[in-house]
Each structure stands twice: as structure tokens, then as C-alpha cells.
Amino acid sequence: MKELLRTNDPTIVAFTHALLRAEDIECFDLDVHMSILEGSIGVMPRRVMVADAHYFRACAILRDNEIELPD
């Protein structure tokens with residue numbers, strides 16, 4: 001598994017999931033329940049993970065939809 005995206009913005013996470021699922025790419029979030037520790041203020045970023053085999057294609061899909069990815 002590779003980290004595709006790390007963000008505090010839940011709308012970007014939801015949009016990413018919608019884009020990837022439309023292309024039959026499985027993805028899942030890490031650190032979803034960290035809000036319990038932080039008090040629900042959105043300080044801890046969520047990570048979106050994809051399988052190694054789908055990483056390149058997933059990056060291309062997000063770039064095509066103007067979602068910034070870490071270098």
C-alpha cells in the first residue's frame with residue numbers, strides 16, 4: 001500500500017474516493033478516528049491509501065482533476 005494523499009480537508013477525501021471508485025480503484029483512509037484524540041478540530045490529517053499496483057494510475061486521475069499531490 002502507498003499513501004496517495006494526506007489532507008485535513010474532508011471534501012477532498014470524499015472527492016478522491018469518488019474519483020477512484022469510478023475507475024474501479026480500491027482505496028481506504030487511515031487516521032479517520034484521530035478526531036477522538038484531537039477533539040474534532042481537524043488538526044490531524046487523513047491519509048488516503050491505494051494498492052501499489054494502482055498508485056501511478058490513481059496519481060494521474062487526481063492530477064487530471066486538479067488535486068494537488070505531495071512530491
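All figures in this text were calculated on a predicted structure; none of them were measured in a lab.
- Tracing side-chain contacts under 4.5 Å through hydrophobic residues (I, L, V, M, F, W, Y), one reaches L69 starting from V13; they form part of the same cluster.
- For E26, the side-chain hydrogen bond (donor to acceptor under 3.5 Å, both in side chains) test picks out no residue, with sequence neighbours left out.
- The list of salt bridge (Lys or Arg N to Asp or Glu O under 4.0 Å) pairs with a residue in residues 58-69, not counting sequence neighbours, is empty.
- Qualifying side-chain contact (heavy atoms from CB on, under 4.5 Å) partners for I67, counting only residues two or more places apart in sequence or in other chains: L5, I12, F15, T16, L19, L62.
- Residues P70 and L4 share a closest heavy-atom pair of CD-O, 3.9 Å.
- A heavy-atom distance below 4.5 Å is found between the side chains of N8 and P45.
- With sequence neighbours left out, R46 forms a side-chain hydrogen bond (donor to acceptor under 3.5 Å, both in side chains) with no residue at all.
- Connection of Y55 to I25 is established within a shared hydrophobic cluster, with ILVMFWY side chains joined at heavy-atom distances below 4.5 Å, either directly or through further cluster members.
- Residues that satisfy the side-chain contact (heavy atoms from CB on, under 4.5 Å) test with R21, not counting sequence neighbours, are H17.
- Within 6.0 Å of atom CZ in F28, more than 12 heavy atoms from other residues, nucleotides or ligands are found, so the atom counts as buried in its surroundings.
- Listed by chain and number, the residues in a side-chain hydrogen bond (donor to acceptor under 3.5 Å, both in side chains) with R57 amount to none (sequence neighbours excluded).
- Applying the salt bridge (Lys or Arg N to Asp or Glu O under 4.0 Å) test to pairs two or more places apart or on separate chains, those with a residue in residues 2-13 are E3-R6.
- Scanning for side-chain contact (heavy atoms from CB on, under 4.5 Å) contacts around A51 gives M1, H54, with sequence neighbours left out.
- Shown here for I61 and N65, the closest heavy-atom pair between the two residues is O-ND2, 2.8 Å.
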